[in-house]
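If you read the sequence from its start, that first residue is 1, and numbering goes on from there.
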Amino acid sequence: MASSSGNDEFVVLVCSDPNNQIETDISNEEIVISTTDFSTWDYPSTLSFSTLKIQAHRKRLIEESSYFRGLLSGSFSESCLDHISIQWQLETFLNVVRCIFGFRLDITSKNFIPLFQAALYFGVEMLLMQLKSWLSEASLSKDPGLFQIQLEDLIDIWDFGLELDNGFVQEICASYLARNFMWAMSNKTFKDMPYELLLLCIKHPHLTIDSEKHLSDALLIWLHSNTEQLERSSKAECEFFDILKQIRISLLPLWFAAGKRSSISFSELANESVDSIFKLMKVTPKGSMNVLGDGDLSHLRIRLTKYSKKVDLSGCPQITPMILLLSFLPNNHNSYLALRKTIKESASNFEQADGTKCQITKNLLPTLSFEAVLEVDISGCLKLPLEDAIDYFSNSFPFLRRVKAAYLLNFKMTTLYRLIQKCSLVSEVDITVDVNPLISSQLSVISSSSAVISMAPNRAYFVGDKFSMTSLYHLGPSLSNITKLTLEGRSDVCDSHVQYISKFCASLGYLNLKGCISVTDVCMANLIRRCTKLQSLLVCHTSFGMNSILALCNASPSFSNSPSAQFGKRPLDSLASNLQLLHMGGCKCADEASLLELLSQTQMLKSLCLRDTNLVDNALCSFSGSLLEVLDVSNTVISGAALHHVVCTNPGLKCLNARGCKNLFQPENRKKEANISSSYSCEELFIELGKTCRLKEIALGWGLSYFSLQALKPAILSLRAMTVGLGGTLPEDSLRLLPTTCPLLESLVLYFQVISDCMIINILTSLRQLRTLALCYCLGDISISSFNLSMPNLRILKLERVTPWMTNNDLVLLTRNCSNLVELSLLGSKLNSDAQCIISHGWPGLISLHLEDSGEVTENGVSSLFNCIALENLLLRHNGSGIQRNFILEAASKMPMLRQVSLDVCDAKEGDFDLPDDADRCSLRSVKIARCKSTRCNVGSHFADTTRKPVHRETLVLVWNSTNVVRTVVKERL
């Protein structure tokens, strides 16, 4: 229609969607709207019409759109029309018109591409600017959820930019992905990422990851998920696998690199990584000049960006102060020159003849600050002097909140004080070590002695400021910000240390003293009175007893000084009433009366562990809480009726451990003691669990049967871990039904059950997500056919006294089908010395290995097992008397992460083993050497029974901490 002179100011844009095949009501065929009054538009209602007639200012269209400029002001015939037909998706075109007329659009990752396409087609520069601005702002976000860009949308946007050859869009996508890589790699769409985008992302200077392990895992997942794509691609396969070369293999955890040596796609890099790690571990200050060399040092830099929130160096014994300092310097040639010059100057001024100590004037180097870093994990960083690390963290991580330094025996309490002083904002500290194996109160000690060790810090590179206990007195009135402190296994922590903690960590809300056997009950009681904000208390296997319970149950901080302190008074504001987590397993110092008083006041508890305590029915029935999620009453004398009482009032229970409770379904007289109805039936507990709870973990023994499992069905549909102990009798039919009863099971541990090939095959075939399988002392006949299927997700396998037929050939099959094991325990088999090579080649990444009564594995000594370089726990007993005398020393030097060793003198080639001193022990925390009685009879050789198995006599246990080594001989076999 030709334009009339009176309507030259406006033009009507008639828009319909060419792809809209939906039949609409005749009344909804079209609607007329005007750009003069956007405020009256009913947006959802407008889009319900099949055709939009938009009356728009001709001049504005010409000014803001090159498409309409050419159409309405050029020589086209349409320039004189007052109606123009547009074929476009209605919502998108409507947004284009709104933008032309000055409205800010609500851009999302879902509408970005259609809007960009429309902006290009209609030539709306204003819209293009808005889209680019939105994408830039989204890429700068540290939180992927802020702009709600899903990974699949980001991939679509990247593909769109690639089609347009738009470098801006591609760069923004790669930058956003690099900054949020940890989020992206956990997304199920990660495997669909285009190769070019992934490559650009990991080469981006803003690539932000917690560790090189995370990057390696992500790339391997992507490669394995795109095998078919790689085969169809015109590119050479090696070109795709070149992406793995972006990994800084020198910074991988040792256990990870060792385990990947059996990976087809990663084995070459894994071997290079292991070699590099051991080279770095042997570097001296003088040798560090050779490591630095004259080239690029990027491969030794820990990836740190201004977006980094967590730095995970756990399991990296090769991390040195030189690597830390290099990572904190600007990534340029001048910084490298400065570092080389500084190390060169300091290396020529050794303070000791052997060159183990040199001074670095690190304050002269231009270190960077990473303010976003909140968490650091240096667990197992054996070559890292802690004092220097703390100095660097205080300078480069000014807002550090959480520090984890587990399994480092040289982390003394003075080191903790230094951390509190230097990094004043730190609120969580974890310095866990392995719990002393001599924690049981039932051990029979034959002899015990201790010796002070010279635990000089490993200061191979740098020397920090002098610091001692006396420095603590100069901290002034300020208190630390520590709210969560984990000292698990620290047998060197004594009362004086705890007194300092209670003085300067008054805001503690979480305290873990598990295995701190040197801390007295009185001292713990004093700490409890001072730290009135405690909500979580873990004191398993300590002296925690009546004094500590009294402190928890009393409201007054000065109650300890009162001569009339006694149980029975229940203040509303007691510390016990605020506890949400209480774990006191193995604390025999708490009697029945004190436990009753404590449980009667802990109504807010969510997690309660009373394993192996003096718990009785009366005490358990006094528990008045209704919020329990975790309950462990294993190895106690409680009855099923008392447990039923707790289950009834705690419907949110998720984890239950009642294994080893022999009275769970027994005597009637216990019901009377706890004032429980005599009409109680043992099946009521399982019926109540089935009706009330939705369990994630369960461990039971006595009383568990086919019928009780049937009653439990509703409660265990989402079960993740199940342990059936002594006293539980699940018939084969019940075990065969486990995959349908518990389809999400990830851990299955069976003791003393009747098993068969059919049952095991059914479980392993159906439960593909199973990560832990333990068959211990079970009855029945199983063969290697039970394990003749691939189980790539299995990580822990324990076969104890169930595979007496196992030979080397069977072991080879296991390595093929259970290729990703990290823990293996075999008790009772027919292996020979070649099994060492099978194990080390099949499972090079093992961190725990137990071999006992396994034929002649060590008959010719130990050699190939040393290739399991990441082992942390090693037990070799009764496998052949060929183990060399210096085995412990050799193992400690060749397996740098090894913390626990258990041997038997029967296997010693020369009748004994050399024990390591402090200088030779490396990471060793404990050594246990069992000794058996002589099999020779006293009545003469004629009557000697040479086929009789050796009988245990005693065990020598050596345990190191940060200050001394304790040598103990006990009767028990540990």
Open item on the list: Using the rule given for side-chain contact (heavy atoms from CB on, under 4.5 Å), can you reason through L244 versus Q246, listing the C-alpha separation, both sets of side-chain angles and the distance that settles it, and then say yes or no?
Closed with: CA-CA 5 Å; L244 295 176; Q246 302 301 320; over 6 Å; no

- [ ] Begin from the C-alpha positions of R973 and R877 and carry the test side-chain contact (heavy atoms from CB on, under 4.5 Å) through to its verdict.
- [x] CA-CA 11 Å; R973 194 165 189 263; R877 283 178 173 167; 3.6 Å; yes

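When side chains are defined from C-beta on, K830 does not count as touching W805, because their heavy atoms never get closer than 4.5 Å. M182 has its side chain out of reach of T208: every pair of non-hydrogen atoms, C-beta onward, lies at least 4.5 Å apart. Between V376 and Y392 there is no side-chain heavy-atom pair separated by less than 4.5 Å. Counting only heavy atoms from C-beta outward, the side chains of L849 and L824 approach each other to under 4.5 Å. In this structure, the side chains of L750 and L735 come closer than 4.5 Å at one or more pairs of heavy atoms. Contact of the E872 side chain with the D434 side chain is not registered, since no non-hydrogen atoms from C-beta on lie closer than 4.5 Å. In this structure, I319 and L251 have side chains that are in contact, with non-hydrogen atoms separated by less than 4.5 Å.
One side chain, D810 or T807, offers a donor N or O that lies under 3.5 Å from an acceptor on the other. With 3.5 Å as the limit, one finds no donor-acceptor pair spanning the side chains of S864 and S840. With no hydrogens or angles considered, a side-chain donor-acceptor pair links S825 and E800 at under 3.5 Å.
Every residue meeting the side chain to side chain contact (heavy atoms under 4.5 Å, CB included) condition with V959, not counting sequence neighbours, appears here in chain and number order: N436, P437, R925, S926, V957. Residues that satisfy the side chain to side chain contact (heavy atoms under 4.5 Å, CB included) test with S273, not counting sequence neighbours, are I249, L252, A257, I277. Evaluation of the side chain to side chain contact (heavy atoms under 4.5 Å, CB included) rule for T772 yields S747, I796 as partners, not counting sequence neighbours. Qualifying side chain to side chain contact (heavy atoms under 4.5 Å, CB included) partners for A270, counting only residues two or more places apart in sequence or in other chains: K260, R261, F266.
Atom NE2 of H204 is surrounded by more than 12 heavy atoms from other residues, nucleotides or ligands within 6.0 Å.
Under the 3.5 Å distance criterion, the side-chain polar atoms of N808 are matched with a main-chain donor or acceptor of N832. Judged by distance alone, the side chain of E746 and the main-chain N or O of A721 form no donor-acceptor pair under 3.5 Å. The backbone N or O of E890 sits less than 3.5 Å from a side-chain atom of S893, completing a donor-acceptor pair. Not a single donor-acceptor pair under 3.5 Å links the side chain of N879 to the backbone N or O of T858.
Listed here is the closest heavy atom pair of D920 and A892: O-CB, 3.8 Å. Between R490 and A405 the shortest heavy-atom distance is NH2-O, 4.4 Å. The shortest heavy-atom contact between F181 and C201 is CD1-SG, 3.6 Å. Of all the heavy atoms in F411 and L386, the pair that sits closest is CA-CD1, 3.3 Å. Closest non-hydrogen pair, P896 versus I869, comes out as CD-O, 3.7 Å. For the pair R248 and I302, the tightest heavy-atom approach, listed with the atom from each and the gap, is NH1-C, 4.3 Å.
A cation-pi arrangement, defined by a distance under 6.0 Å to the six-membered ring centre and an angle within 45 degrees of its axis, is present between R659 and Y751.
Checked options T803, D757, N762; the residue passing with S786 is D757 (criterion: side-chain hydrogen bond (donor to acceptor under 3.5 Å, both in side chains)). No option in C316, S314, S211 other than C316 meets the side-chain contact (heavy atoms from CB on, under 4.5 Å) test with P253. Each of L898, L382, L408, L409 was compared with S923 under the side-chain contact (heavy atoms from CB on, under 4.5 Å) criterion, and only L382 meets it.
Among pairs with a residue in residues 870-896, those fulfilling ring pair (Phe, Tyr, Trp, His ring centres under 6.0 Å) read F866-F887, at least two apart in sequence or across chains. Pairs passing the salt bridge (Lys or Arg N to Asp or Glu O under 4.0 Å) check and including a residue from residues 213-226, sequence neighbours excluded, read K213-D217.
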